[in-house]
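Below is one structure; the comments refer to it alone.
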Amino acid sequence: MFARKLANQYDLLLIARRKDRLATLAAELRAQYGSVVDTLCADLSDETELALVAARISSEANLSLLVNNAGFGAKGLFWEAGVEVQDQMHRLHVGATLRLCHAALSNMVGRNVGGIINVASIAAFVRRPGSASYSSTKAWLMAFTESIYLDLKSIQSEVKMQALCPGFTKTEFHNTIGTDRHRLAPFSLFLRTEYVVEESLRGLARGKLLVVPGWRYKLLVSLISKLPTFLRLAVETAGSSNLTSI
Ligand SMILES: NC(=O)c1ccc[n+]([C@@H]2O[C@H](COP(=O)([O-])OP(=O)(O)OC[C@H]3O[C@@H](n4cnc5c(N)ncnc54)[C@H](OP(=O)(O)O)[C@@H]3O)[C@@H](O)[C@H]2O)c1
């Protein structure tokens, strides 16, 4: 989501599993913006590969921004969906975020500069059947980001933390799950990727901890957060014709 927007301001280190896609994107960004774009092919849900990425991040001399964006969704009721895939989701959303935030902050805090964006989801606030691991890991991401924000505030640090909580966004996310976007929600509810990234970076510049792009999703989060639990659960159960993640 972020690389294209950041390439005209920053040198980048892109991390993902698919080497060919990384190489193509890096070449495109170098040609378009003239920035240094490095790549690291790694599965962040793998302990050994994650350790290598963490070591690289903690040793980057001018690290100024970490975006923990890698993530995926799944379909199905908790006990029917494969346990391996849900375990992998926890390792990626929780384990990798924890480790990479630790690596980045050990680098940034001493220099009193930089920021971290953790990409959560409105699923952190609005749960639905078929997303036990997804919603719970995204809720963890929210609480984790908030808690580090407090740690940083307690030492008057300039390092910024953000939990980005988008709703439905037009990316490959739902193709990967194998869900037809058109059957999931009205087209108008799908946010443009560029818009989500712009809102996030605008928020980061202002030191905003929680960013929920789009007025519909802001309204949804603020309403659902005010409901008593029994009513929220009734709304969440009723609003779910399709058992998949957001
Ligand atoms: N799209 C939405 O509607 C939506 C809504 C709310 C939140 N989000 C969140 O937004 C974030 C980005 O997702 P997206 O919508 O941009 O989906 P996407 O188009 O499927 O992109 C996911 C990215 O994560 C990388 N990735 C996945 N598993 C990985 C792993 N094990 N190790 C390293 N990289 C991995 C993928 O690259 P490789 O496959 O090459 O590794 C890809 O670059 C996710 O955290 C997602 O939960 C998405």
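Counting starts at 1 for both ligands and their atoms, following the listed order.
- For ligand 1, the atoms lying closer than 4.0 Å to a non-hydrogen atom of Val119 are 9 (C), 10 (O), 11 (C), 45 (O).
- Between the choices Gly71, Ala70, Ala16, the shortest heavy-atom distance to atom 22 (C) of ligand 1 belongs to Gly71.
- Residue Tyr134 places a heavy atom less than 4.0 Å from ligand 1.
- The closest approach between any non-hydrogen atom of Gly167 and ligand 1 is below 4.0 Å.
- Ligand-side atoms of ligand 1 in range of Ser121: 6 (C), 7 (C), range being under 4.0 angstrom from any heavy atom.
- Counting only distance, with no hydrogens or angles, the side chain of Lys208 and the backbone of Ser200 share no donor-acceptor pair below 3.5 Å.
- Looking only at distances, a side-chain donor or acceptor of Arg30 sits under 3.5 Å from a matching main-chain atom of Val37.
- A heavy-atom separation below 4.0 Å is not found between His93 and ligand 1.
- Counting the atoms of ligand 1 from 1 in the order shown, those under 4.0 Å from a heavy atom of Asn69 are 11 (C), 12 (C), 44 (C), 45 (O).
- Residues Thr237 and Arg128 are not in side-chain contact: their nearest non-hydrogen atoms beyond the backbone lie 4.5 Å or more apart.
- Of the possible donor and acceptor atoms, none in the side chain of Glu158 sits under 3.5 Å from a partner among the backbone N and O of Val113.
- Remark: Phe78 CZ is loosely packed, at most 12 non-hydrogen atoms of other residues, nucleotides or ligands lying under 6.0 Å away.
- Between the Ser135 side chain and the Ala132 main chain, no donor and acceptor come within less than 3.5 Å of each other.
- Close contacts between ligand 1 and Phe168 involve ligand atoms 3 (O) [criterion: under 4.0 Å to a heavy atom].
- Among the atoms of Leu44, some N or O lies under 3.5 angstrom from an N or O of ligand 1.
- Between the side chain of Asn107 and the main chain of Glu60, a donor-acceptor pair closer than 3.5 Å is present.
- In the vicinity of Arg18, heavy-atom distances shorter than 4.0 Å reach the ligand 1 atoms 37 (O), 38 (P), 39 (O), 40 (O).
- Residue contacts with ligand 1 include Ala42, since one or more of its heavy atoms lies under 4.0 Å from the ligand.
- The residue Arg21 has no part lying near ligand 1, judged by heavy-atom distances below 4.0 Å.
- Panel note: side chain His102, backbone Ala54; no donor-acceptor pair is recorded below 3.5 Å.
- Considering both main-chain and side-chain atoms, Thr169 comes within under 3.5 Å of ligand 1 through a nitrogen or oxygen pair.
- Only backbone heavy atoms of Ala120 (N, CA, C or O) come within less than 4.0 Å of ligand 1; its side chain stays farther off.
- For the pair Asp38/Arg56, a side-chain contact is recorded, criterion being any heavy-atom separation below 4.5 Å from C-beta on.
- Side-chain contact annotation: Asn118 with Thr145, donor-acceptor N/O pair under 3.5 Å present.
- Of all atoms in ligand 1, numbered sequentially from 1 with element shown, those under 4.0 Å from a heavy atom of His174 are 3 (O).
- Which parts of ligand 1 touch Asp43 is read off a 4.0 Å heavy-atom cut-off, strictly below it: atoms 30 (C), 31 (N), 32 (N).
- Ligand 1 has Lys138 within reach: a non-hydrogen atom of the residue lies less than 4.0 Å from it.
- Although no hydrogens or angles enter the test, the distance criterion places a donor-acceptor pair under 3.5 Å between the side chain of Lys218 and the main chain of Val212.
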